[in-house]
Amino acid sequence: MLLEVNELCQRFGNSDILKDINLEVERGETFVIVGPTGSGKTTLLRLIGLLDKPASGTIRFGGREVPDSARARLELRRRIAIVFQRPAVFNATVYDNVAYGLRVRKEKRASLRNKVARALETVGLSGYEKRDAQTLSGGETQRVALARAMVFEPELLLLDEPTANLDPVYISNVERLISQIIRDLDTTVIMSTHDMFQGQRLADRIGVIISGEMLQTSDPREIFSRPQSRSLAEFVGSENILRGVIASNEDGIVTIDTDGIPLEAISNLDPGSEVYACIRPEEVILAPAKDLTSARNTFPGEVSHIVLFGPLARVEIDCGFPLVALITKKSAEEMGLQTGSCIYAYFKATGVHIIER
Amino acid sequence: MLLEVNELCQRFGNSDILKDINLEVERGETFVIVGPTGSGKTTLLRLIGLLDKPASGTIRFGGREVPDSARARLELRRRIAIVFQRPAVFNATVYDNVAYGLRVRKEKRASLRNKVARALETVGLSGYEKRDAQTLSGGETQRVALARAMVFEPELLLLDEPTANLDPVYISNVERLISQIIRDLDTTVIMSTHDMFQGQRLADRIGVIISGEMLQTSDPREIFSRPQSRSLAEFVGSENILRGVIASNEDGIVTIDTDGIPLEAISNLDPGSEVYACIRPEEVILAPAKDLTSARNTFPGEVSHIVLFGPLARVEIDCGFPLVALITKKSAEEMGLQTGSCIYAYFKATGVHIIER
Amino acid sequence: MSELADAFVTALKLIFTGDPEVMAVAARTLGISCSATFFAALISIPIACLIHFNHFKGKGTLISILQTFYAIPTVLVGLLVFIIFSRAGPLGGLGILFTPQVMVIGQVVLISPLMTGLTVSALSGVRPEIRDTAVSLGAGRLQMARTVLVEAKYATLTAVLIGFGRAISEVGLAIMVGGNIRGFTRTLTTAMSLETSMGNIELSMALGIILLSLALIVIIIPSWIQQRSSRVQQR
Amino acid sequence: MSELADAFVTALKLIFTGDPEVMAVAARTLGISCSATFFAALISIPIACLIHFNHFKGKGTLISILQTFYAIPTVLVGLLVFIIFSRAGPLGGLGILFTPQVMVIGQVVLISPLMTGLTVSALSGVRPEIRDTAVSLGAGRLQMARTVLVEAKYATLTAVLIGFGRAISEVGLAIMVGGNIRGFTRTLTTAMSLETSMGNIELSMALGIILLSLALIVIIIPSWIQQRSSRVQQR
Amino acid sequence: ACSDEETSSPTPAATTSPGEVPPLPKTSRLKVATTTSLYDTGLWGYLEPMFEDKYGVELDVLYAGTGKALEWGIRGDVDVITVHSRSREEQFVADGYGVERVPFAYNYFLIIGPEADPAGISGMSPEDAFTQLIAEGESIPDVKFVSRGDDSGTHGKEKAIWASAGYEYEDVRTSGGWYVETGSGMGPTLVMANEMRAYTLSDIGTFLAYQGDLELVPLVDEGDILLNVYSVIVVASTKYPDMANNLVEFLTSDEIQDLIGRYGVDEFGRPLFTPCAGQDM
Ligand SMILES: Nc1ncnc2c1ncn2[C@@H]1O[C@H](COP(=O)(O)OP(=O)(O)OP(=O)(O)O)[C@@H](O)[C@H]1O
Ligand SMILES: Nc1ncnc2c1ncn2[C@@H]1O[C@H](COP(=O)(O)OP(=O)(O)OP(=O)(O)O)[C@@H](O)[C@H]1O
Ligand SMILES: [Mg+2]
Ligand SMILES: [Mg+2]
């Protein structure tokens with residue numbers, strides 16, 4: 001276990017910003033922290049990066065507890081790199097910025113030069129060596145910060161929203177880079193991101209932090225398909241969240257009464273349990289006519305709004321209750337969907353995720 | 001025409017950062033500038049916002065050319081608001097930050113208070129009035145900056161990557177907000193973004209700027225489906241770009257020879273024309289068996305890589321040439337796709353976009 | 001070193017017995033230096049803004065010249081002010097040589113370049129984003145300058161305090177244009193100089209200690225206000 | 001005001017005829033003040049780093065006290081140094097009273113608090129992100145301090161220049177501990193004070209002008225080097 | 001404090017000095033420039049309130065070296081001067097800057113030095129003492145002479161003694177390290193002489209005021225050339241000639257002459273000045 005975080009708390013003034021965070025990250029793992037604005041991602045990364053001291057709780061790094069002495073902390077800190085959310089550059093050239101971490105480690109001149117050149121090449125900034133780092137554009141700055149952190153091959157790389165300032169071409173570049181570092185250098189990465197899909201693309205495990213609490217830590221798929229609370233479900237994009245009560249349970253197939261509308265789902269909860277039923281928009285299938293399918297839930301409805309983006313179409317349907325479906329642009333076009341179209345919405349019982357209230 | 005930009009150039013030192021930019025934006029329109037890092041988006045917005053003076057070229061705002069006198073520029077500038085890419089906050093409370101634009105315009109106290117309260121509510125920061133703005137998190141800062149810009153109801157709102165620091169829940173909030181402002185306040189918006197889909201969602205028109213040149217200005221759909229150059233095609237995510245020569249043209253249906261592999265497409269170019277053929281990944285359909293379809297291009301291939309994200313799956317296929325397909329996760333699962341699966345890839349002749357070399 | 005201890009005792013005695021003459025001298029010292037600081041700030045801060053916010057040829061040189069004036073000897077300023085206000089000088093008709101007024105004028109001349117230079121430094125310390133942000137939100141030049149100045153308030157306050165320190169501690173100018181007239185233009189520093197030249201080392205040091213105490217009060221008040229107001233804000 | 005014109009003429013004459021006595025005095029002045037500035041910087045900058053980079057109780061008070069010392073009268077410093085180095089004083093045995101060495105010591109005492117305080121301000125002007133960035137990249141405390149100091153280099157240079165200005169321009173201390181001995185401890189300011197007391201206004205002002213010219217040179221050199229090096233960088 | 005009288009004025013009159021006047025005077029102010037030695041002995045602090053009471057006027061006493069006091073007079077910045085350099089006073093009057101030179105008191109200069117007296121000048125005439133000093137100074141390292149070197153009245157007297165002893169002052173000045181020019185006032189010069197265990201020339205008033213802190217003793221105190229005459233001159237360009245004349249009259253009045261003659265007895269056990277109004281000195 002490279003990193004173990006136990007009951008970590010942080011306070012600023014009178015407010016608890018982090019509450020009892022527990023976390024274990026193995027060597028070589030990529031752990032992604034997602035969470036809304038102000039949830040405490042940066043605060044947590046600063047604690048893990050040994051920049052701040054926690055109000056309470058412990059951090060174990062490489063098997064031993066992080067000590068209090070400045071010298072010992074420095075030694076550990078030298079094995080960790082952080083890229084901040086809004087990186088600051090030193091008032092110096094790009095070269096000097098990237099060389100910084102090596103210089104403080106007393107790297108030899110020749111290998112320093114090589115490493116810096118390689119790092120700059122990796123982030124696509126070769127030829128920028130002599131530029132004043134303070135005149136770089138937002139994205140260029142971000143890439144300098146990445147180069148600066150990876151150049152000394154840290155054991156643990158902390159990335160605070162590393163692609164927030166990058167355009168899509170570079171996002172995939174940087175993502176590929178991160179994957180490459182993980183593979184080649186055996187580096188452990190903990191990153192925060194607000195891009196859920198990025199998390200899914202890169203993470204071995206995802207932790208969701210909301211209001212300073214780590215609500216769920218699990219496999220990326222699971223967090224999407226089986227969020228453990230309503231706020232989590234909302235955050236991961238389960239746009240259809242219905243409040244209901246389990247009316248019956250027959251061999252694990254339950255009927256949920258949501259304001260008079262019955263939904264079928266899979267669960268072993270007893271009748272009378274108060275629940276939320278979550279249906280991810282992409283689980284909802286649309287068809288122009290009532291078809292015979294294996295989907296247990298079928299509702300006729302009227303399209304109230306369509307938004308296209310990229311290859312997808314987001315369709316809002318009024319079925320007595322509001323339901324959002326995510327389908328391909330192509331099928332939306334083939335069905336000739338438009339506001340006011342009458343259609344049928346289907347979803348399987350297995351597509352309904354149940355959260356106890 | 002609210003804004004007309006003519007042959008605008010900007011230089012820093014010896015490098016031309018913007019080259020002959022032409023642009024017209026009508027009142028009420030939402031114009032989105034997309035472009036890679038360092039392409040000059042921020043530089044252009046600063047010129048339009050009258051913060052910098054161009055090296056050459058003119059800007060007409062509200063029908064008259066932007067004058068040179070400081071007083072007249074101030075008057076025009078007061079009708080424009082800018083939200084910077086990395087907004088800085090004044091060392092004051094959130095309230096004072098948001099009130100700033102109204103105070104410099106000598107707004108009466110009572111209406112000032114109301115407007116600030118409304119703006120803070122809109123961005124979801126009610127109750128933050130007395131917080132020191134410098135202790136806010138990245139996303140909170142961005143929202144303060146938005147509130148601060150919209151509070152004085154500018155005629156032209158310039159947004160430099162306004163959602164780069166926001167998490168997805170707030171991105172849609174802010175997007176909705178921007179749409180609302182456009183509708184309610186008759187505000188014209190020019191924004192830059194690196195999120196192509198965001199551009200598509202919000203823009204009336206999109207301009208793509210690469211290396212300081214505005215390569216194409218058009219309808220959002222068109223830019224995706226019919227980019228006018230290879231670099232543009234790459235930038236908007238046409239991952240399949242094949243180099244070829246038109247072999248024949250029969251009534252507008254051309255055959256393109258790409259390294260010995262024939263593609264069919266729609267074009268009126270003459271045989272012998274050198275072209276790129278672009279196929280957007282979502283235009284590629286996968287099927288487990290050779291089916292009878294109307295798609296003119298059919299290639300057997302082997303799945304070389306699959307990445308899942310959100311509701312989608314990105315499938316890389318080796319058909320003799322590399323081809324990327326974007327399909328729903330669901331259909332990927334239904335077909336049981338995995339690395340090494342043998343499948344057929346189809347795309348229509350109309351799905352091939354041709355760019356002359 | 002026993003003189004130092006004696007000086008402290010003397011200083012305490014003078015303060016706590018409230019020796020009327022010492023009190024009057026201390027009050028006059030404070031009055032003159034505070035007025036000078038006030039007027040100098042009134043002149044220097046706007047000039048510093050003009051310099052900082054405008055681009056013109058020779059700006060760097062101007063700043064270097066201002067910095068040179070950090071090194072202006074008080075004697076030189078004293079002479080200049082003296083020849084201007086002396087009866088034979090251009091402003092001799094005012095007849096204010098050897099009065100507290102002319103001491104204020106002299107101190108203003110002495111500390112204004114220093115204050116201007118330091119305020120320019122203070123303004124340069126503010127991130128350019130602040131200026132851009134103010135301008136982009138519709139601030140005019142004056143409003144923008146005000147905003148940047150507010151951002152630089154601590155550094156500007158330091159500039160003012162340094163000016164005050166230089167004013168209250170200088171002696172050459174005060175003697176030269178004030179004349180060290182008992183009961184009229186005598187300040188703590190000129191009194192110190194007189195006592196020293198009369199060999200009264202302890203008394204002179206005691207006066208120096210009183211001067212430092214005054215300065216401490218003047219310098220601590222702003223930081224105290226600042227702490228108070230930040231405490232109020234937190235509520 | 002004709003005195004001013006005369007003074008300029010006299011100053012030019014003294015400079016261009018290379019009057020040996022004036023040249024010697026000018027060289028001595030520069031030597032003493034530059035040494036004092038150097039040693040004061042050597043003491044002040046590390047102390048300023050210690051103060052800035054550590055959190056301790058009474059830090060605010062300490063900074064206020066440092067700021068108070070901006071207002072320390074040169075006469076008081078002169079007295080202190082005098083009683084320490086006078087024959088009866090604790091370091092009287094060194095026998096260095098009325099020598100240039102003790103003038104350097106006095107000036108170091110005079111300007112160190114000022115330089116320390118201003119360097120602390122300079123360091124506080126650096127965005128906290130710089131410190132975080134340095135630390136996150138593995139800098140130890142010393143390395144981090146060095147990095148922040150480099151970011152604050154212009155403000156720190158200003159602090160040093162202000163110290164230099166105060167050292168080269170002060171007169172009370174120089175007379176008191178140096179004794180204004182002709183050919184040995186006479187500096188430009190003490191010479192000015194002497195000429196003034198003899199009623200030689202023009203000569204005194206001419207010396208003042210020479211002093212300012214010297215200061216201008218010392219102050220312009222760093223900004224000149226800075227410009228040169230930035231030009232080199234751009235190549 | 002800050003005042004002469006508390007530390008050096010022995011008389012009860014001084015302790016009852018009137019309180020501070022408001023810094024901005026409504027009435028006009030009479031300015032008198034005085035040489036430092038008269039001021040440092042506290043004589044002016046003693047006389048000032050008496051004059052102010054008598055004539056109901058604010059008297060501003062400015063002290064400076066003789067050179068500067070005369071310069072003020074020439075420029076018209078003061079109304080009256082009291083200095084002690086006969087030749088320069090006469091020049092001042094002859095040039096039309098002063099009305100008339102009126103001597104009002106005198107005392108003597110002293111040649112003082114370390115008690116051990118390494119040059120062995122004790123009891124000599126001033127001229128012989130100086131001759132001895134230059135001879136010993138050039139040979140014995142212990143012998144040093146500290147000169148004011150500031151063109152003050154005292155410095156003028158020193159130069160006169162050198163001339164009278166048959167030396168060119170410029171030669172003395174450049175004759176070696178034994179001759180130290182301080183370019184400072186009497187007080188600092190005494191302190192320096194004390195620190196260096198050197199000889200110096202001092203007026204008696206300042207010496208007595210410093211005596212407590214010094215290890216120096218008077219070695220030569222007799223000789224006509226040591227005579228130190230203080231006179232008062234009304235500046236020709238004064239705006240207040242009447243009040244200025246009042247001051248001259250005041251200083252030369254019997255009553256004040258009597259007080260001057262007794263000034264210093266309480267503190268030093270001997271008078272500091274001899275009144276001499278009406279005499280040509
Ligand atoms: N120094 C501070 N003083 C007071 N409150 C603070 C301080 N630093 C952070 N906070 C608050 O703590 C909370 C968590 O902040 P943090 O920066 O960790 O959030 P985040 O998850 O990184 O958000 P974002 O995605 O917007 O960057 C926020 O409400 C923030 O305002
Ligand atoms: N003051 C300056 N001096 C020199 N070069 C500059 C300056 N400002 C910007 N540049 C350069 O101009 C180019 C365009 O910068 P700009 O900030 O406009 O890019 P951008 O499109 O906004 O990029 P990003 O998406 O990364 O913010 C970049 O290469 C940048 O390095
Ligand atoms: Mg954050
Ligand atoms: Mg930008």
Side-chain angles (χ1 to χ4, degrees), chain D residues 1-3 6 20-21 24-25 28 73-75 78-79 81-89 91-99 102-103 171-205 207, chain E residues 33 35-36 62-75 77 81 83 85 88 91-92 97 114 144-156 173-198 200 213-216:
Chain D
M1 292 298 284
S2 66
E3 292 95 335
D6 293 350
E21 190 158 354
V25 169
R28 186 179 310 124
T74 57
V75 181
L79 285 171
V81 175
F82 178 81
I83 61 173
I84 290 170
F85 289 96
S86 88
R87 190 114 47 76
L91 297 180
L94 297 177
I96 56 168
L97 194 64
F98 305 129
T99 63
V102 85
M103 294 171 77
V171 59
L173 172 71
I175 289 195
M176 213 171 293
V177 303
N180 193 18
I181 298 172
R182 190 171 67 90
F184 187 45
T185 58
R186 184 159 299 168
T187 62
L188 284 168
T189 53
T190 61
M192 284 174 75
S193 147
L194 175 61
E195 295 301 335
T196 305
S197 79
M198 300 189 337
N200 300 327
I201 293 186
E202 286 92 349
L203 181 54
S204 179
M205 284 177 47
L207 295 175
Chain E
T35 182
T36 315
L62 298 144
Y63 62 91
T66 300
K68 198 171 176 183
L70 291 170
E71 175 77 20
W72 282 339
I74 291 169
R75 305 180 65 97
D77 292 320
I81 56 179
V83 289
S85 178
R88 296 171 72 176
Q91 187 64 43
F92 183 76
Y97 296 119
K144 282 196 161 62
F145 183 85
V146 178
S147 163
R148 291 276 297 269
D150 63 351
D151 247 1
S152 57
T154 311
H155 188 216
R173 202 177 173 213
T174 52
S175 62
W178 72 279
Y179 187 85
V180 179
E181 281 181 61
T182 73
S184 322
M186 195 67 250
T189 303
L190 283 171
V191 169
M192 194 181 300
N194 187 53
E195 285 289 329
M196 296 178 146
R197 299 177 200 275
T200 191
D213 301 324
L214 302 179
E215 295 169 24
L216 303 176

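Chain identifiers are assigned alphabetically (A, B, ...) following the order of the sequence lines, protein sequences preceding nucleic acid strands; residue numbering begins at 1 within each chain. Just so you know, these numbers use all the heavy atoms, side chains as well, and skip hydrogens, waters and symmetry mates.
Residue-level contacts of residues 171-180 of chain D with chain E, in order of numbering, are I175(D), G179(D), N180(D); threshold 4.5 Å between heavy atoms.
Distance CZ/R87(D) to CD/E215(E): 5.5 Å, rounded to 0.5 Å. To the nearest 0.5 Å, atoms CD (E195(D)) and CG (D150(E)) are separated by 10.5 Å. Summarising the geometry, atom CE belonging to M196(E) is positioned 6.5 Å from atom CZ belonging to F98(D); distances are rounded to the nearest 0.5 Å.
Here the side chain of E71(E) pairs no donor or acceptor atom with the backbone of N200(D) at under 3.5 angstrom.
Looking at E181(E), the atoms closer than 4.5 Å to chain D (heavy atoms on both sides) sit in the backbone and in the side chain alike. For I181(D), the parts lying under 4.5 angstrom from a heavy atom of chain E are both the backbone and the side chain. Of the two parts of S193(D), neither the backbone nor the side chain holds a non-hydrogen atom closer than 4.5 Å to a non-hydrogen atom of chain E. R148(E) does not touch chain D: none of its heavy atoms, backbone or side chain, sits under 4.5 Å away.
The candidate from G183(E), G185(E), G67(E) with the greatest count of non-hydrogen atom pairs under 4.5 Å with chain D is G183(E).
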Apply side chain to side chain contact (heavy atoms under 4.5 Å, CB included) to F82(D) and E195(E), showing your working.
CA-CA 11 Å; F82(D) 178 81; E195(E) 285 289 329; 4.1 Å; yes

